[in-house]
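Keep in mind it's a predicted model, so treat the numbers as computed, not measured.
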Amino acid sequence: MKFNKFRIVKSHFIAEKDLFVGIILLLVALWKTGKSLGWFKADKKQLLICLVGHILIWIVGAFLYKYIVGVINFIGVLIGLAFFGDFFKSSEETSSQSESGTEGGLEALPNIMFDNNNVRWQLQHRNYDHVVYHDDNGNTMIVRNANVCRGNIHTDQGSFHSY
């Protein structure tokens, strides 16, 4: 009986062409790792650890090919759901958000807003937990809490509006 060196690989793990591509990719990875570390100028221990790491990853990948592909597909599905999950919201959730008219908190504050006396307040700077405004008279105001709804602005400093 002749011994086929790829028999195990063909029946249980990966196909011959995949094995060939894997070996080429391994050699490219080894070459790029050696080049980036500076082959002969590199610390020999560090170079050896990196090269052995590449070889071990490839060997583990060859023996666990079917499982690794399944895990990668599962991770891909999770990433896809994370990015496109908003498209699957029900129409009731979307309509209730639009009916409330709430645009947001501090991040929704406009660059220019007016108080009840039509004094103009201009944005000076914005932080994650507060926003600083100044008026034309030189007064400064720090807003730490806000609710913006259809041009009406309610803050911890009073009510404002924007046009």
ask   = What's the spacing between T140 OG1 and Q124 CD if we round to 0.5 Å?
value = 5.5 Å
inquiry  = Using side-chain contact (heavy atoms from CB on, under 4.5 Å), reason through W121 and D115 one step at a time and then give a plain yes or no.
reply    = CA-CA 8 Å; W121 290 88; D115 63 13; 3.4 Å; yes
inquiry  = If we ignore hydrogens and angles and just use 3.5 Å, is the side chain of R126 paired with the main-chain N or O of L109 as donor and acceptor?
reply    = yes
query = Residues two or more places apart in sequence or in another chain: which of them pass salt bridge (charged side-chain N to carboxylate O under 4.0 Å, His left out) with R144?
reply = none
query = Taking all atoms of both residues into account, what is the closest heavy-atom pair of S162 and I112, and its distance?
reply = CB-O, 4.0 Å
message = Could you measure the distance from the CD1 atom of I142 to the NE2 atom of H134? Nearest 0.5 Å is fine.
response = 13.5 Å
note = Nearest heavy-atom contact between F160 and T155 is CE1-OG1, 3.5 Å
Side-chain donor/acceptor of N137 to backbone N/O of N139, under 3.5 Å = no
ask   = Would N118 and H161 count as a side-chain hydrogen bond (donor to acceptor under 3.5 Å, both in side chains) if you check the C-alpha gap in whole Å, the side-chain angles of each, and the deciding distance to 0.1 Å?
value = CA-CA 9 Å; N118 277 338; H161 62 274; 3.2 Å; yes
request  = Evaluate side-chain contact (heavy atoms from CB on, under 4.5 Å) for D136 paired with Q122, printing each intermediate quantity in order.
outcome  = CA-CA 8 Å; D136 295 332; Q122 296 182 29; 3.7 Å; yes
Atom pair CG/OH of N111 and Y133 - distance to nearest 0.5 Å = 7.0 Å
Residue pair V132 / H130: nearest heavy atoms and the distance that separates them = CG2-CD2, 3.7 Å
key: Minimum heavy-atom distance L106-V143, with the two atoms named   = CD2-O, 3.7 Å
